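In this text the structure is predicted, and so the values were computed from the model without any measurement. Within every chain, numbering begins at 1; the chains are lettered A, B, ... in the order of the sequence lines, protein sequences first and strands thereafter. Side chains are part of it too, since the values below use all heavy atoms of this structure and drop only hydrogens, waters and symmetry mates.
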Amino acid sequence: MPRRRFGTFSGGINLPAEKDATLDAAIAPWPVQELRIPLCPLPAAQAQPVVAPGDKVKPGQLLARTDDPQQVNVYAPLAGVVGDFTDVLVPDDFFGWRSSRAIVLKDLQPASQPNRPDFDWEHADAAELLERLREGHLLLCSGPFDNVSRWLESAIESAADTLICNVMENAPLVTADHRLLAERGGDVVRGLAILAKALSVAHTMLAVDSQRTGAYRSAARLAGALKIDTIALAPKYPIEAQAMLTQVLTRRQVVPGRSTLSVRVAMVDAATCAAAYQWAALGLRQTHRVVTMAGRGVKSPGNYLIPFGTDAAWLLAQACESEPPLRVHGSPMNGRELAVGAVVGPRTNALLGMEDSYAGPPTPCIRCGWCSDNCPARLNVAALNDDFELAHLDGAKARCVTACVGCGICTYLCPARLPLMSRCQQLRQMILREAKAATP
Amino acid sequence: MTQAPTQPGAVLTKPPFLRAPEASRTILLVIFACACLPLAAGVFFFGWRVIILTAISVATCVGVESIYYRLTRQPALRRRTHAALMGLLLALTLPPFVPWYVPLAGGVIAIVIGKAIFGGVGHFLWQPALVGRLAVVVLFAPPLWSVVELTRPAWPVLAVNRVITGDIANVRPAERYVSWRDTQATGSNDAFELPTPRKILRELTTDQARPPESIGEQLAKLPSAWDIIVGAYGGGIGETCSLAILCAGLYLIYRNYVNGYLSGMMILAAAVTAAVAPVRTAAGDFRWLPLLIEGSDVGFLYVVYQVLAGELLLSAFFLAPEMTSRPVTAPAQGIFGLLCGGLGMLLALYTSIPIPFYAAVLACNTLTPVLDGIRPRVLGQRRWWQKKS
């Protein structure tokens with residue numbers, strides 16, 4: 001697949017993949033009984049509901065409307081009856097959760113949205129595509145907590161010249177994006193072409209894992225026809241991190257503390273591309289997410305198409321024989337511990353049952369240096385840990401902690417079981433917040 | 001020590017939710033096991049007394065550590081495993097003929113002054129085992145405590161027919177350095193004693209009255225290459241057997257517990273220093289580049305003897321790479337190794353310090369906080385010539 005030679009990055013490790021259970025499991029539906037659809041999927045003003053309790057709704061019907069450009073409209077994933085309002089948890093920055101009002105949807109009917117191919121994306125120009133995507137009220141499935149149209153605007157503002165679709169997905173257990181590209185590669189590649197056209201970028205790349213190119217043949221063929229470079233890269237973790245993939249593919253180093261847009265690279269994932277195509281070409285709202293359910297104790301591991309608003313804990317309990325000791329939302333390396341009341345959203349790429357038997361209580365750092373040796377951002381993590389313990393924010397700033405990509409290798413390797421990544425991320429957040437407060 | 005049982009969900013509340021299986025204790029135990037290999041060689045060549053000395057050293061370190069943290073009511077930091085390792089390393093550096101109270105004194109000082117008052121593992125500045133070794137050298141120096149000999153003009157090795165079971169104290173001086181395989185003990189004497197290779201090599205670089213004939217002559221007085229490789233010559237308990245130290249050290253490098261650059265740089269720097277630093281010729285003047293003075297074959301042998309005979313290998317694979325007292329980042333470790341090796345070889349060549357490489361490691365440990373500032377450029381960080389935007 002690759003025609004050009006690409007470099008690599010220093011640090012990084014080869015993690016045990018543990019993907020065998022779900023790698024070849026086709027995307028399947030999962031029956032749900034009740035949805036609690038958040039009205040506030042993004043950290044901005046809440047969308048105002050346009051339905052009342054007792055109303056019957058159809059799939060794709062508008063549930064809540066907003067005028068705030070930072071927020072998105074909310075649509076019904078399935079047919080059902082509107083119930084009461086309630087509160088749910090949605091993912092927030094820094095491994096946390098945020099509370100949001102939600103609409104309950106009951107008496108669900110298994111119906112799907114009708115196709116409305118009323119927009120000719122192949123002959124539309126950039127402005128028309130941008131307008132169409134704005135009407136779509138799409139959410140980004142990875143990267144910054146933002147909607148697609150605002151992300152496109154900031155990419156245009158920063159004069160992005162490269163668009164990369166990141167399907168590396170080399171954290172253990174997670175296979176959602178892999179299945180999406182393998183089974184619905186046409187949607188993903190066309191969605192990527194739509195986003196590239198809207199951004200008017202010079203280069204568009206589809207980055208995939210070199211171990212799994214066999215599953216992507218049809219997608220790669222289509223990508224070639226749409227002038228998208230398909231690039232297969234060796235799966236050294238964390239090449240899926242945006243800063244690392246940017247460095248490998250473009251040789252540009254992301255400015256610490258800023259996104260890849262700082263070096264004029266826009267990066268999306270497969271799920272966002274598929275949603276962009278399904279809306280722009282077929283008129284389908286973004287209401288479902290492919291979720292990998294795997295890990296210890298999960299009796300039916302696989303990739304499932306789950307509507308937004310499904311209770312994540314309920315879903316995992318359905319999939320497990322017994323309660324797993326640890327329930328994880330997202331990747332095992334940088335996801336979140338599942339909280340009670342959390343629902344499936346655009347960022348739920350995996351729900352995992354895991355053991356926590358490896359961990360012991362944290363002990364003092366013995367200065368083995370493995371965290372620094374393997375850090376892909378080449379941070380001196382041991383010194384940053386000292387800065388954290390001594391509350392020495394200036395030291396952390398001088399050591400450029402804002403370059404942390406949040407891959408979790410330091411914590412994974414630490415023989416003293418110190419939570420190094422979360423400490424680095426706390427320092428990073430503090431410094432970024434301080435810098436934000438300082439700029440008018 | 002067993003770790004406190006984990007409660008489900010109580011520990012891993014922050015990502016990543018996967019952990020590599022190696023814990024601090026695993027590292028220390030594996031290093032301990034590897035250090036037992038040179039110890040086994042020591043027992044073989046220096047007899048059962050070595051086991052007693054090592055047991056005293058390890059027991060002292062573990063006991064003092066327990067008592068210290070019991071008294072100060074501080075939580076012990078990776079306590080007994082690390083203390084046992086320090087005790088073993090201290091024993092490896094001691095001569096095999098010392099009386100029982102030498103490892104006792106060394107162990108107490110290693111743990112209390114070397115480790116505990118700094119706050120335990122992760123905080124001390126100097127390698128504790130070497131602090132203990134240095135203190136022993138100072139404490140039992142002749143004017144202070146002339147009864148005890150820490151260094152002698154000639155050091156003992158057990159004869160071939162008395163290995164392991166022989167008593168190193170029953171010693172008979174040998175007239176000249178023969179091959180160890182030809183030694184046979186007779187009567188009540190188990191060991192024979194000879195000048196150490198370091199002492200013979202040292203005659204090449206001291207300003208003594210009669211200069212040596214040539215480097216080749218001096219090398220002929222040394223034990224055979226086979227003796228040097230297996231460790232059949234006078235030296236510290238764990239210092240002599242190059243083969244055992246290399247095997248254990250390479251395994252530690254393979255496990256990533258020792259940075260190969262540090263050990264490699266240390267040996268390389270020592271070899272280069274030995275090859276370049278001036279030695280005395282028959283005329284009495286000093287000449288540079290001993291590697292080439294009498295042809296490269298003699299010069300090569302000279303450098304190999306300088307590297308293998310003595311405590312360089314033990315320092316390079318076990319003492320200098322001690323995790324807390326060496327720098328953390330990879331480039332700083334390389335520089336640390338270079339400094340240790342170069343300084344150690346210079347001390348060995350031109351001073352009468354009985355523990356040149358250990359002293360060099362201790363001196364370079366002092367520089368660790370400075371060396372820690374040397375690190376690779378962080379991803380995306382500006383280079384010094386790039387302007388601030």
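Taken to the nearest 0.5 Å, the NE2 atom of B:His123 stands 8.0 Å off from the CG atom of A:Asp386. Going from atom CZ of B:Phe17 over to atom CD of A:Glu355 covers 14.0 Å, rounded to the nearest 0.5 Å. Annotation: the span from A:Asn374 atom CG to B:Asn256 atom CG amounts to 7.5 Å, rounded to 0.5 Å. Annotation: the span from A:Leu420 atom CG to B:Lys14 atom NZ amounts to 13.0 Å, rounded to 0.5 Å. Between the CZ atom of B:Arg377 and the SG atom of A:Cys400 there is a distance of 9.5 Å, given to the nearest 0.5 Å. Within the model, atoms SG of A:Cys368 and CG of B:Asn259 stand 11.5 Å from one another, a figure rounded to the nearest 0.5 Å.
Considering every non-hydrogen atom in both A:Pro364 and B:Val121, the closest pair reads CB-O, 4.2 Å. Smallest separation of non-hydrogen atoms from B:Pro15 and A:Gly335: CG-O, 3.2 Å. Taking each heavy atom of A:Pro256 and B:Gly380 in turn, the nearest pair found is CD-O, 3.3 Å. The two residues B:Leu379 and A:Ala403 have their closest heavy-atom pair at O-CB, 3.6 Å. The shortest heavy-atom contact between A:Arg378 and B:Val378 is O-CG2, 3.8 Å. A:Tyr412 and B:Leu18 make their closest contact through CD1-O, 3.3 Å (heavy atoms, listed as atom of the first residue, atom of the second, distance).
In this structure, chain B has no heavy atom under 4.5 Å from any part of A:Ala339. The contact between A:Pro172 and chain B is made entirely by side chain atoms (from C-beta outward), counting heavy-atom distances below 4.5 Å. Heavy atoms closer than 4.5 Å to chain B are found nowhere in A:Pro419, neither backbone nor side chain. With a threshold of 4.5 angstrom between heavy atoms, A:Met333 approaches chain B through its backbone and through its side chain. If you measure heavy-atom distances from B:Arg326 to chain A, the contacts under 4.5 Å come from the side chain alone. Looking at A:Arg336, the atoms closer than 4.5 Å to chain B (heavy atoms on both sides) all sit in the backbone: N, CA, C or O. Neither the backbone nor the side chain of A:Gln425 comes within contact range of chain B; no heavy atoms are under 4.5 Å apart. If you measure heavy-atom distances from A:Ala377 to chain B, the contacts under 4.5 Å come from both the backbone and the side chain. Neither the backbone nor the side chain of A:Arg252 comes within less than 4.5 Å of any heavy atom in chain B. Using a 4.5 Å cut-off between heavy atoms, A:Thr411 contacts chain B through both its backbone and its side chain.
Counting heavy-atom pairs closer than 4.5 Å to chain B, the top-ranked of the candidates A:Leu379, A:Ile409, A:Asn334, A:Val328 is A:Val328. Chosen from A:Cys410, A:Cys365, A:Ser372, the residue pairing most often with chain B at heavy-atom distances under 4.5 Å is A:Cys365. When the candidates A:Ser10, A:Cys407, A:Gly408, A:Pro332 are compared by the number of heavy-atom contacts under 4.5 Å with chain B, A:Pro332 comes out ahead.
Environment of OH in B:Tyr257: crowded, with over 12 heavy atoms of neighbouring residues, nucleotides or ligands closer than 6.0 Å.
The closest donor-acceptor contact from the side chain of A:Arg367 to the backbone of B:Val328 lies at 3.5 Å or more, if one exists at all.
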